[in-house]
Amino acid sequence: MPAPRVRFCPAPSGWLHVGGARTALYNWLHARGNGGAFVFRIEDTDAARATDESMRGMVASLRFLGLDWDEGPEVGGPHGPYRQSERGDLYAAVTAKLLQAGAVYDAYETAEELAAQRAEAERERRPPGYAGGHRGLTDEQREAFRREGRRPVLRVRTPDEGSVTFDDAVRGPVTFEWSSIADFVIERADGTHTYFLANAVDDLAMGINFIARGEDLLSATPRQLLLYTLLLRDGVLDDALADNGYPARPADAVPPAFAHLPLLVGEDRKPLSKRHGSVAVDEFRRQGFLPEVLVNFLALCGWSYDATTERFTVDELVERFSFDRVGRNPALFDTAKLRSLNGDRIKELTDAELAERLQPYLVEAGLLSNPATPADQALLLGFAPLLRERIQTLAEAVPLIAFAFRDEVTYDDRAVAKHLKDRAGEVLDRAAGALADVAWDGDAILATFRALAAELGVGLGKAMQPVRVAVTGTDVSPPLPETLALLDRATVVGRVRSAGARLAQAPDTV
RNA sequence: GGUCCCGUCGUCUAGUGGCCUAGGACGCCGCCCUCUCAAGGCGGUAACGCCGGUUCAAAUCCGGUCGGGACUGCCA
């Protein structure tokens, strides 16, 4: 097997979503695991949809996931440019030659006419594809259409009979009848080029020899294959490359082989899209999913190693991934499973690593300055072991420890109503006194609460919950004794006293 | 409608004729532990779409059937 040259070629409209990321990952793993190259190409042939912002987002998300590219935007490479919007001259040269060779023809129907034809075919229950109406136009007819002001598109003449079979790396041999494949457009009336053309030209020109992509493109493959043979016949592509100053195709280049990946679907079994909420990689980043976990999970969306192993480092994935273990049925993107894996990974982080990864999220929430003060960093580090067991995403840490980074406590009404009542005033009063001179460490503080509970003849919970609410504002927090020990004694005692005082003045409205 | 793809617990999957009274993980339920929330421990729930056939033996092979999906664009 020659060293794989693979590519990831998103259309830059919208954010990189997890489906696209999975496609990128499988290609990347294949390249990295087999000494190949990963090419990143921007397919912005549809000017109406492509945006620079989207392209920057794609770059950022790929970087976040750690999927580095050998050729492409920002890193360059020998087969550039890597944005299709900058390769229009090449495509035009190619289509001119194809037209000359008679492989494609000009068709003059307007978009409206084609829509009407489709609707009619639909009504009559005929296949809705282009029926080839302008296949055999005479020069006079062409002239007439042009005089009407019509601009033609260029369509590829597909074979009328026979079939095409290709060996898909995940599905095995797949066969299509040519009769079911309509003549398709490669050059628009405005002179720009469609996905089929640009994609086929660039894959060949850049020496791409393996393509992993979504199953939604499976039925586009015959058209791709047709284009490869047309492009390679009589040196059409090679001449166009040379004529326009593009580097020649790599010497050992061959038309690519394909692997069609099972679709990623949402809870409703529909293909993943914005309607499923957060499907953008960047959104998962914001929620505090770790990139290595996202990579691990994405790898598992359609691939498995064996019956039991499901946690992999990126290096292990590079070593073990192969297309022969990619499944064929659609995979549901299960965020519950993702959360679980993320929680598992967080538990493996050292205190320092966790604190460091948490920091941006606290900054984002306005709890830390940027950069954080040494005191705040130390406090965060202290919380790391307490947080580790109780968060599944980094962002979940924020509400759990916000109280420690604010001067004022924000009281949760429900927690107050539930715990600052009955004997809570007495508990707070005695606790404030006891905390004022206990040794300031978790064990000693816990012992103090036990003693207090025994003294008052109440359960430990009754003794601690009011204090938890007084200090943190809520009834859910990291373990209380250790938490208190991380804060200043003065702060703790102050909060307990003031909660107690307000309770005494106005029960129910602390 | 046509073409193509797919069909194992709720979910992702293991399974390539006997190791399968179908394994793992997530989820869910119960119990234990417990200062809240978690985490952890233990236990449990739950699947080969259906019908035929081949075979001593089928989740695995064959045929059919049903169901789901993708594509059928001057989007990619």
Side-chain angles (χ1 to χ4, degrees), chain A residues 9-11 13 43-46 48-50 107 109-111 114-115 118 121-130 151-155 168 171 174-177 179-182 184-190 192-196 198-199 213-222 260 262-263 265 267 269-271 297 300-311 327-341 343 347 386-392 396 400 415 419 446 449-450 453 459-465 467-469 472 474-481 483:
Chain A
C9 49
S13 64
E43 308 230 323
D44 53 351
T45 54
D46 186 2
R49 299 180 188 213
E109 294 97 334
T110 63
L114 291 170
R118 258 195 301 281
E122 197 76 43
R123 244 180 290 118
E124 296 173 5
R125 309 191 136 216
R126 284 184 288 112
Y130 183 70
R151 307 298 308 159
V153 300
L154 256 28
R155 283 183 187 270
D168 190 281
R171 273 151 229 276
V174 181
T175 301
F176 285 87
E177 294 295 325
S179 60
S180 70
I181 298 165
F184 57 98
V185 174
I186 58 169
E187 184 174 289
R188 303 186 182 99
D190 65 2
T192 62
H193 302 85
T194 63
Y195 162 79
F196 292 107
N199 192 265
R213 34 138 63 157
E215 190 208 280
D216 51 334
L217 261 2
L218 183 60
S219 52
T221 309
H260 285 95
L263 245 31
V265 299
E267 315 282 346
R269 309 301 316 186
K270 298 286 187 213
F297 180 66
L300 257 16
C301 286
W303 171 85
S304 66
Y305 179 65
D306 60 18
T308 55
T309 318
E310 60 173 17
R311 307 255 339 258
R328 282 173 291 276
N329 29 2
L332 187 144
F333 190 85
D334 184 1
T335 50
K337 178 73 175 179
L338 209 211
R339 292 176 58 79
S340 167
L341 287 173
K347 288 180 191 66
L386 306 182
L387 253 12
R388 182 156 41 226
E389 309 290 314
R390 18 188 76 72
I391 57 173
Q392 286 191 300
E396 285 171 3
L400 283 177
H419 298 288
L446 179 56
F449 279 115
R450 287 194 197 284
L460 194 49
K462 284 268 184 262
M464 295 179 76
Q465 284 301 78
V467 176
R468 189 188 304 278
V469 175
T472 72
T474 75
D475 57 359
V476 175
S477 81
L480 193 60
T483 295

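The chains referred to below are lettered A, B, ... by the order of the sequence lines, with proteins before strands, and numbering in each begins at 1. All heavy atoms count here, side chains included; hydrogens, waters and symmetry mates do not.
One N or O on the side chain of A/Arg188 and one on the backbone of A/His193 form a donor-acceptor pair closer than 3.5 Å. A donor-acceptor pair is defined here as one N or O able to donate and one able to accept, closer than 3.5 Å; no such pair exists between the side chain of A/Thr309 and the backbone of A/Asp306. Formation of a donor-acceptor pair under 3.5 Å by the A/Arg390 side chain with backbone atoms of A/Pro478 is not found in this model.
The residue A/Leu114 sits close to a base: some heavy atom pair falls under 4.0 Å. Nucleic acid contact for A/Glu109: base, since at least one base atom lies under 4.0 Å from a heavy atom of the residue. Note on A/Val153: a base of the nucleic acid sits closer than 4.0 angstrom, heavy atoms only. A/Leu338 comes within 4.0 angstrom of nothing in the nucleic acid, heavy atoms only. Counting non-hydrogen atoms under 4.0 angstrom, A/Lys462 reaches nothing in the nucleic acid. Nucleic acid contact class of A/Thr194 (heavy atoms, under 4.0 Å, all strands): sugar-phosphate only. Note on A/Thr175: only backbone sugar-phosphate atoms sit closer than 4.0 angstrom, heavy atoms only; bases stay farther off. Here A/Pro481 lies in heavy-atom contact (under 4.0 Å) with a base. No contact: A/Phe449 has no heavy atom under 4.0 Å from any strand. Base contact: A/Pro478 has a heavy atom under 4.0 Å from a base atom. In this structure, A/Ala189 reaches the bases: a heavy-atom distance under 4.0 Å links it to at least one base atom across the strands shown. When heavy atoms are screened at a 4.0 angstrom cut-off, A/Leu460 is found touching the sugar-phosphate backbone but no base atom. Nucleic acid contact class of A/Asp475 (heavy atoms, under 4.0 Å, all strands): base.
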Checklist entry - What's the verdict on side-chain contact (heavy atoms from CB on, under 4.5 Å) for A/Phe184 and A/Thr194, showing C-alpha distance, side-chain angles and the deciding distance? => result CA-CA 10 Å; A/Phe184 57 98; A/Thr194 63; 5.8 Å; no
Item to check | side-chain contact (heavy atoms from CB on, under 4.5 Å) evaluation trace for A/Val174 with A/His260 | outcome: CA-CA 11 Å; A/Val174 181; A/His260 285 95; over 6 Å; no
Next on the checklist: One pair to check against side-chain contact (heavy atoms from CB on, under 4.5 Å): A/Gln465 and A/Leu480. What are the steps and the verdict?
Outcome noted: CA-CA 9 Å; A/Gln465 284 301 78; A/Leu480 193 60; over 6 Å; no
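One atom, CG of A/Leu387, and another, P of B/rA39, lie 14 Å apart when rounded to the nearest Å. At whole-Å resolution of the value, CZ in A/Phe184 and C1' in B/rC74 are 13 Å apart. Nucleotide B/rG68 holds its P atom 16 Å from the CD atom of A/Glu215, rounded to whole Å. B/rG69 atom P lies 11 Å from atom CG of A/Leu263, rounded to whole Å. A/His260 places its NE2 atom 12 Å from the P atom of B/rC71, with the value rounded to the nearest Å. For the pair A/Glu177 CD and B/rC71 C1', the computed distance is 16 Å after rounding to whole Å. B/rC37 atom C1' lies 13 Å from atom CE of A/Met464, rounded to whole Å. Distance CZ (A/Phe297) to P (B/rC12): 10 Å, rounded to an integer number of Å.
If you find the closest nucleotide of RNA chain B to A/Arg450 and to A/Leu341, the one lying nearer the 5' end belongs to A/Leu341.
Annotation: B/rG52 and B/rC28 have their C1' atoms spaced 37 Å apart (nearest Å). Atom C1' of B/rA70 sits at a distance of 43 Å from the matching atom of B/rC56, rounded to the whole Å. The separation of B/rC9 from B/rC5, taken at their P atoms, amounts to 22 Å, rounded to a whole angstrom.
In this structure, B/rC19 forms no base pair with any nucleotide, since neither Watson-Crick nor G-U wobble geometry is met with both distances under 3.5 Å. In this structure, B/rG40 forms a base pair with B/rC32, meeting either the Watson-Crick or the G-U wobble geometry with both donor-acceptor distances under 3.5 Å. The base-pairing partner of B/rU54, taking Watson-Crick or G-U wobble contacts with both distances under 3.5 Å, does not exist among the strands shown. The partner of B/rG67 is B/rC6, by the rule that a Watson-Crick or G-U pair needs both atom distances under 3.5 Å.
Residue A/Asp334 has its side chain nearest to B/rC26 when only B/rU36, B/rC26, B/rC35 are considered. Among the nucleotides B/rC12, B/rG23, B/rC37, the one closest to the side chain of A/Leu332 is B/rC12. For A/Pro128, counting side-chain heavy atoms from C-beta on, the closest listed nucleotide (B/rU72, B/rG24, B/rC35) is B/rU72. Checked against B/rA14, B/rC75, B/rU36, the side chain of A/Arg49 finds its nearest nucleotide in B/rC75.
To the nearest 0.5 Å, the span separating OG1 on A/Thr192 from CD on A/Glu187 amounts to 8.0 Å.
Distances shown here put every side-chain N or O of A/Arg388 at or beyond 4.0 Å from the OP1 or OP2 atom of B/rC37. A/Ser180 has no side-chain polar atom (N or O) that falls below the 4.0 Å cut-off from OP1 or OP2 of B/rG2. For B/rG68, neither phosphate oxygen OP1 nor OP2 lies less than 4.0 angstrom from any side-chain nitrogen or oxygen of A/Asn329. Taking 4.0 angstrom as the limit, A/Thr45 places a side-chain polar atom (N or O) nearer than this to OP1 or OP2 of B/rA76. Between B/rU72 and A/Arg118, no contact under 4.0 Å exists linking OP1 or OP2 to a side-chain N or O. In this structure, A/Arg339 does not reach the B/rC26 phosphate: none of its side-chain N or O atoms is under 4.0 Å from OP1 or OP2.
By the 6.0 Å contact criterion, CZ on A/Arg311 is enclosed, its count of non-hydrogen atoms from other residues, nucleotides or ligands being greater than 12.
Counting distance only, with no hydrogens placed and no angle test, the side-chain atoms of A/Arg328 and the base atoms of B/rC6 include no donor-acceptor pair under 3.5 Å. Applying the 3.5 Å distance criterion, the base of B/rC35 shares a donor-acceptor pair with the side chain of A/Arg468.
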